[in-house]
Engineer: 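Here it is, the structure, as structure tokens.
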Amino acid sequence: MNSNTSTQHHHGKADYFGIAGSILCLIHCLVIPVLALGSTFSASHGESIGFLGLDYLFILVNGAAVFFATRDHRVPALRAFLWFSFALFSVSLLLEHQNPAFHLLGYLGSGLLIAGHVYNLIFCKPWNIRKSVS
């Protein structure tokens with residue numbers, strides 16, 4: 001058995017959780033405002049819609065997913081991309097009520113997290129791990 005194949009990454013579950021968390025966040029961020037339009041809920045709770053605790057849950061789930069997906073990763077650029085995407089995602093969720101631009105940046109961060117985790121799943125398949133030249 002080749003020593004390179006025995007050191008393959010075991011983070012597929014973390015990537016799947018990261019993808020699911022980001023997709024659920026996108027759905028939440030797109031659906032809640034649509035449901036609130038025209039309802040009495042939006043008139044009485046307007047700005048508090050984002051403070052239902054789900055923002056913090058999405059940050060926690062995606063943070064754990066990025067941590068476990070990158071903790072033994074051998075590709076620094078992909079690791080940095082996932083952490084940058086998570087930082088953009090988190091800051092945007094926390095500040096989305098300060099400025100509408102943060103709401104849009106949250107969508108971008110979520111999309112980048114999905115793309116990063118999908119790429120991470122594809123790149124780190126056992127048959128794609130590059131053999132080191134010794």
Side-chain angles (χ1 to χ4, degrees):
M1 177 179 234
N2 187 342
S3 64
N4 290 331
T5 57
S6 66
T7 60
Q8 55 187 284
H9 300 288
H10 299 287
H11 52 69
K13 289 181 184 177
D15 288 318
Y16 288 119
F17 277 108
I19 292 167
S22 295
I23 289 173
L24 289 174
C25 183
L26 280 174
I27 291 170
H28 166 74
C29 290
L30 292 170
V31 170
I32 293 296
V34 170
L35 292 176
L37 284 176
S39 73
T40 57
F41 181 79
S42 66
S44 62
H45 295 89
E47 291 299 316
S48 67
I49 293 171
F51 293 110
L52 296 176
L54 288 177
D55 290 350
Y56 298 110
L57 178 65
F58 292 133
I59 290 171
L60 181 66
V61 167
N62 283 307
V66 170
F67 173 77
F68 286 109
T70 61
R71 70 179 174 170
D72 65 348
H73 213 287
R74 296 179 293 183
V75 182
L78 187 52
R79 184 175 43 234
F81 179 80
L82 281 167
W83 279 109
F84 169 78
S85 301
F86 173 69
L88 178 65
F89 172 79
S90 300
V91 169
S92 297
L93 282 183
L94 294 173
L95 298 176
E96 70 183 352
H97 300 287
Q98 302 299 320
N99 188 321
F102 288 112
H103 195 72
L104 297 175
L105 286 174
Y107 291 135
L108 176 64
S110 189
L112 290 174
L113 278 171
I114 293 167
H117 282 297
V118 168
Y119 185 79
N120 204 20
L121 282 170
I122 293 168
F123 182 79
C124 293
K125 291 284 185 188
W127 55 83
N128 284 340
I129 295 178
R130 297 181 181 160
K131 297 178 182 175
S132 62
V133 178
S134 338

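Excluded from the calculations below are hydrogen atoms, water molecules and symmetry mates; all remaining heavy atoms, backbone and side chain alike, are included.
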Engineer: Residues two or more places apart in sequence or in another chain: which of them pass ring pair (Phe, Tyr, Trp, His ring centres under 6.0 Å) with Tyr119?
Structural biologist: Phe123
Engineer: Working to the nearest 0.5 Å, report the span between CG of Asn99 and CG of Leu105.
Structural biologist: 9.0 Å
Engineer: To the nearest 0.5 Å, tell me how far Leu121 CG sits from Asp15 CG.
Structural biologist: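 So the CG of Leu121 and the CG of Asp15 are separated by 4.0 Å.
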Engineer: Using the test ring pair (Phe, Tyr, Trp, His ring centres under 6.0 Å), find all partners of Phe58 that sit at least two apart in sequence or belong to another chain.
Structural biologist: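 Per chain and number, Phe58 pairs via ring pair (Phe, Tyr, Trp, His ring centres under 6.0 Å) with His28.
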Engineer: Of the non-hydrogen atoms in Gly116 and Phe81, which two are nearest, and what is the gap between them?
Structural biologist: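 Minimum heavy-atom contact is CA-CE2, 3.6 Å.
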Engineer: Which residues satisfy the side chain to side chain donor-acceptor pair (under 3.5 Å) test with Ser22, sequence neighbours excluded?
Structural biologist: Asn62
Engineer: Not counting sequence neighbours, which residues clear side chain to side chain contact (heavy atoms under 4.5 Å, CB included) with Val118? List them please.
Structural biologist: Ile19, Ile114, Ile122
Engineer: Are Leu24 and Leu54 linked, directly or through other ILVMFWY residues, by side chains that come within less than 4.5 angstrom of each other?
Structural biologist: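 Hydrophobic grouping puts Leu24 with Leu54.
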Engineer: Hey, could you give me the CG/NE2 distance between Leu95 and His103, rounded to the nearest 0.5 Å?
Structural biologist: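 Rounded to the nearest 0.5 Å, the CG-NE2 separation comes out at 13.5 Å.
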Engineer: Is there a path of hydrophobic side-chain contacts, each under 4.5 Å between heavy atoms of I, L, V, M, F, W or Y residues, that connects Phe67 with Phe89?
Structural biologist: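 In one cluster with Phe67: Phe89, yes.
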Engineer: Using side-chain heavy atoms (C-beta onward) and a distance below 4.5 Å, is Leu94 in contact with Ile59?
Structural biologist: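 When only atoms from C-beta onward are counted, Ile59 and Leu94 do touch, with a gap below 4.5 Å.
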Engineer: Hey, which of Leu108, Leu112, Val66 is the one that makes side chain to side chain contact (heavy atoms under 4.5 Å, CB included) with Ser85?
Structural biologist: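 Output: one option passes, namely Leu112.
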Engineer: So, for Ala69 and His117, which heavy atoms are closest and what is the spacing to 0.1 Å?
Structural biologist: CB-CE1, 4.0 Å
Engineer: Please find the pair of heavy atoms, one from Phe68 and one from Ala14, that lie closest to each other, and give the distance.
Structural biologist: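 So the minimum-distance heavy-atom pair works out to CB-CB, 3.7 Å.
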Engineer: Quick one: pull up CG in Leu78 and CH2 in Trp83 and give me the separation to the nearest 0.5 Å.
Structural biologist: 13.0 Å
Engineer: Using the test side chain to side chain contact (heavy atoms under 4.5 Å, CB included), find all partners of Leu60 that sit at least two apart in sequence or belong to another chain.
Structural biologist: none
Engineer: Could I get the full list of side chain to side chain contact (heavy atoms under 4.5 Å, CB included) partners for Leu104, not counting sequence neighbours?
Structural biologist: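 For Leu104 the side chain to side chain contact (heavy atoms under 4.5 Å, CB included) partners, ignoring immediate neighbours, are Tyr107.
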Engineer: Do Leu113 and Cys25 come within less than 4.5 Å of each other through their side chains, counting heavy atoms only?
Structural biologist: no
